[in-house]
Amino acid sequence: MSEEKLRQDITEICHLVYRKGFVAATDGNISVRLPDGNVMCTPTRCNKGFVKPSDLVVIDMKGNKVRGERKPSSEMAMHLLIYEMRPEIKSVVHAHPAGATAFAAAGIPLNKALISEVVLAVGCIPLAQYGTPGTPELTDALEPLVPQYDAILMKNHGVVTYGADLASAYMKMETVEHFARIALVSRLL
């Protein structure tokens, strides 16, 4: 897939996560591993509802900017950790959907097998301990969970999902939020 096509695809997913309310203001970040081994990502301080293909930045696996006018997101270390630990992963989506983020803020993992579709799509969704965004604390908290899970709640932060392509990484985010809403309503009932 060409870099131009990936730029367009990332932009469309950014607009979708914004329209779905999974991010607000400049929250969240999205990346794709390029065929050359570099990573294309959303820039820092970027509203996902208004991002353009030309806003995206290309970095190497050490986080150094290779191409682009803007600065990469400060949370790219989280993405790079996932790419390093999981060679089959080609895309990472980080967002703050309200339902799932509420569970993360309350310190409650989404690890109950309430509906089979969620179990089949993402399995259990563990809770990583708190790590300050953009610091090694965050990657340290995620590291033990990345090998076994494709979706992780981050305490007092949000959710990260990843997959073999951009569509699957996004759909896992949508599934996590859907499950969080079902879990909340089932608790209320």
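Keep in mind that what you see is a predicted model, and the values were worked out from it rather than measured.
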For L189, the other hydrophobic cluster members (4.5 Å side-chain criterion, sorted by chain and number) are V185
Between H79 and H94, does the ring centre distance come in under 6.0 Å? no
Reported CD-to-NZ distance for the pair E88 and K90, which is rounded to 0.5 angstrom: 8.0 Å
Could you check whether any side-chain heavy atom of S31 comes within less than 4.5 Å of a side-chain heavy atom of M40, counting everything from C-beta outward? no
Counterpart residues, side-chain contact (heavy atoms from CB on, under 4.5 Å), relative to T135 (two or more places apart): T132, E137
Check the hydrophobic clustering (I, L, V, M, F, W, Y; side-chain heavy atoms under 4.5 Å; chains of links allowed) and say if I125 and Y130 are grouped together. no
So does Q148 have more than 12 non-hydrogen atoms from other groups sitting under 6.0 Å from CD? yes
Set out, in order, the CA-CA distance, both residues' side-chain angles and the distance that settles salt bridge (Lys or Arg N to Asp or Glu O under 4.0 Å) for K65 and D60, then state yes or no. CA-CA 7 Å; K65 185 164 74 168; D60 64 22; over 6 Å; no
Taking all non-hydrogen atoms of both residues into account, name the closest pair between A183 and F103 and its distance. CB-CZ, 3.7 Å
Contacts of type side chain to side chain donor-acceptor pair (under 3.5 Å), residue R70, not counting sequence neighbours: none
Residue pairs passing the salt bridge (Lys or Arg N to Asp or Glu O under 4.0 Å) test with at least one member in residues 180-189, sequence neighbours excluded, are E177-R181
Tell me, please, which residues at least two apart from L127 pass side-chain contact (heavy atoms from CB on, under 4.5 Å). A104, P109, L153, K155
After noting the C-alpha distance and the side-chain angles of F179 and V176, does the key distance pass the side-chain contact (heavy atoms from CB on, under 4.5 Å) rule? CA-CA 5 Å; F179 181 48; V176 169; 5.8 Å; no
List the residues meeting side-chain contact (heavy atoms from CB on, under 4.5 Å) with E174, not counting sequence neighbours, and say none if there are none. K20, F22, Y170
Closest non-hydrogen atom pair, P53 against Q8: CG-OE1, 3.7 Å
Using side chain to side chain donor-acceptor pair (under 3.5 Å) as the criterion, list what pairs up with R67, not counting sequence neighbours. E3
Given a cutoff of under 4.5 Å between side-chain heavy atoms of I, L, V, M, F, W and Y, with clusters grown through shared members, what are the other residues clustered with V92? V39, V57, I59, M61, M76, M78, L80, L81, I82, Y83, M85, I89, L138, L142, L145, V146, Y149, I152, M154, V160, Y162
Got a sec, which residues hit side chain to side chain donor-acceptor pair (under 3.5 Å) with K52, two or more places apart in sequence or on another chain? none
Starting at OG1 of T175, measure out to CG of D150 and round the result to the nearest 0.5 Å. 11.5 Å
S91 to A169 - nearest heavy-atom pair and separation: O-CB, 3.6 Å
Interatomic distance, CG@N38 vs NZ@K62, rounded to 0.5 Å, equals 12.0 Å
How far apart are the closest heavy atoms of V51 and C14, and which atoms are they? CG1-CB, 3.4 Å
The side chain to side chain donor-acceptor pair (under 3.5 Å) partners of D165 (sequence neighbours excluded) come to S168
Ignoring hydrogens, what is the shortest heavy-atom contact between V159 and A100? Give both atom names and the distance. CG2-CB, 3.6 Å
Quick one: does any side-chain atom of N47 pair with a main-chain N or O of A25 as donor and acceptor, under 3.5 Å? yes
I want to check something: taking the side chain as every heavy atom from C-beta on, are I10 and V32 in contact at a cut-off of under 4.5 Å? yes
So the salt bridge (Lys or Arg N to Asp or Glu O under 4.0 Å) pairs with at least one residue in residues 30-48 (sequence neighbours excluded) are none
Measure the spacing between SG of C46 and CG of N29 and express it to the nearest 0.5 Å. 10.0 Å
Is there a side-chain contact between V23 and H96 (heavy atoms, below 4.5 Å)? no
Quick one, S73 and C41 - any side-chain contact, counting heavy atoms below 4.5 Å? no
Answer yes or no: is there a side-chain heavy-atom contact under 4.5 Å between L166 and I30? yes
Taken in chain and number order and not counting sequence neighbours, the residues that satisfy side-chain contact (heavy atoms from CB on, under 4.5 Å) with E4 are S2, R7
Report the distance from atom OG1 of T42 to atom CD of E75, rounding to the nearest 0.5 Å. 9.5 Å
Within the 4.5 Å heavy-atom criterion, are D55 and P43 side-chain neighbours or not? yes
